[in-house]
Amino acid sequence: MIKLALTDLDDTLIAVGNPSASRHALDGVHAMLDLGLHFGPASGRVPWDLDWMFDGDAAAYATGAVINGQLVYIDGELVHEEVLDTESLQQMGELLKSIPGTALMIDDYGDRFAVGITAEEMQRFHGAFDRIGRVRSRVPSKKIVKANVHVVGNPRRREDVRQLLSVDFPAFDFVFPNPKAPLVDILPKGWGKHKGVDVLRRELGLEREEVVAFGDAENDLAVLESVPNSVTVANADPRVAASSRWHIGASADDAVADALFDIAAAAAIGTMPAFMCGKNYNPHSVYKPVE
């Protein structure tokens with residue numbers, strides 16, 4: 001029986017272009033919560049984005065693993081935190097000054113700023129850096145959890161920048177949060193959503209077989225490989241989809257919301273959800289339990 005459902009947000013639970021989770025999705029979340037089951041985001045998003053993404057429904061995101069598993073919450077309480085090395089981030093900002101159209105982005109609990117680019121260069125790229133806000137000369141000497149690299153250009157250029165950073169900064173891992181986003185997320189080496197999800201699972205006293213994870217993009221890959229019941233939406237990256245055990249409909253069709261109702265209905269009678277018993281089973285899925 002599934003007792004914990006964790007889902008990526010962008011292009012998984014929430015279709016691109018939608019302002020927040022749908023009413024149907026929120027009702028699916030509460031169908032699980034009303035039975036004493038657990039639900040939460042497993043997202044690269046920051047916790048201070050979750051209120052609008054869940055349309056102000058705090059109960060829907062009180063438990064989860066956010067910032068790619070670096071922050072883990074249970075019922076609104078922080079139970080685990082992984083921070084980034086600020087000295088290495090500062091060195092990265094210095095390096096990015098030599099690569100046009102790139103910037104280190106820091107999100108300091110809602111205060112977004114860039115390092116490694118000037119305000120004048122940001123203006124040259126016609127609004128590509130509008131989300132950042134302001135520029136600072138240095139990374140502050142304080143605890144930093146959320147950072148990524150903004151790369152103007154096509155996916156091939158983002159991959160080139162990632163490869164360069166991977167060589168020069170071995171203390172970090174670098175993943176793409178979304179194939180459409182011009183971003184490379186920065187994670188502590190060896191960390192990821194899968195580690196955050198495993199912390200959450202252990203804290204809740206659950207077996208891996210009692211967890212289901214939904215995703216669509218590269219930063220979901222490790223968590224999908226770490227639980228037996230992995231699920232991708234129809235719009236998932238093909239490589240990510242190939243790793244998952246179960247396949248459902250598209251994010252635009254609220255397929256994850258339907259699956260949450262299915263989980264709740266099955267749990268009410270002590271069985272597995274119907275979507276895990278159909279033709280969408282992938283016998284070639286990858287399962288690598290977290291070490």
Notebook entry, point to check: Is there a donor-acceptor pair under 3.5 Å between the side chain of His247 and the backbone N or O of Ala241?
Noted result: yes
Notebook entry, point to check: When rounded to the nearest 0.5 angstrom, what is the spacing between CG in Leu187 and CG in Asn68?
Noted result: 4.5 Å
Next item on the list: May I have all residue pairs that pass salt bridge (charged side-chain N to carboxylate O under 4.0 Å, His left out) and include part of residues 233-255, sequence neighbours excluded?
Entry: Glu218-Arg239
Next item on the list: Assess the side chains of Asp8 and Ser43: does a donor N or O sit below 3.5 Å from an acceptor N or O?
Entry: no
Margin query: So, using side chain to side chain contact (heavy atoms under 4.5 Å, CB included) as the criterion, who are the partners of Trp52 when residues are at least two apart?
Written below: Arg45, Asp49
Notebook entry, point to check: Are Asp55 and Arg23 close enough for a salt bridge, meaning some N to O gap below 4.0 Å?
Noted result: no
Notebook entry, point to check: Ion pair present between Asp185 and Lys146, side-chain N to carboxylate O less than 4.0 angstrom?
Noted result: yes
Item checked: Reference residue Lys180; test salt bridge (charged side-chain N to carboxylate O under 4.0 Å, His left out); the match among Asp11, Asp10, Asp216 -> Asp11
Next item on the list: Supply the members, apart from Phe261, of the Ile/Leu/Val/Met/Phe/Trp/Tyr cluster built from side-chain contacts under 4.5 Å; use none for a lone residue.
Entry: none
Notebook entry, point to check: Taking only residues at least two apart or on different chains, which pairs with a member in residues 86-102 satisfy salt bridge (charged side-chain N to carboxylate O under 4.0 Å, His left out)?
Noted result: Glu94-Lys97
Item checked: Ring centres under 6.0 angstrom apart (Phe275, Trp246) -> no
Check: So which pairs with a foot in residues 72-82 pass salt bridge (charged side-chain N to carboxylate O under 4.0 Å, His left out), sequence neighbours left out?
Finding: Glu81-Lys143
Item checked: Full working for side-chain hydrogen bond (donor to acceptor under 3.5 Å, both in side chains) between Ser230 and Ser244 -> CA-CA 5 Å; Ser230 54; Ser244 72; 5.0 Å; no
Check: Given a cutoff of under 4.5 Å between side-chain heavy atoms of I, L, V, M, F, W and Y, with clusters grown through shared members, what are the other residues clustered with Ile144?
Finding: Leu84, Leu89, Met92, Leu95, Leu96, Ile99, Leu104, Ile106, Phe113, Val115, Val139, Val149, Val151, Val161, Leu164, Leu165, Phe169, Phe172, Phe174, Phe176, Val184, Ile186
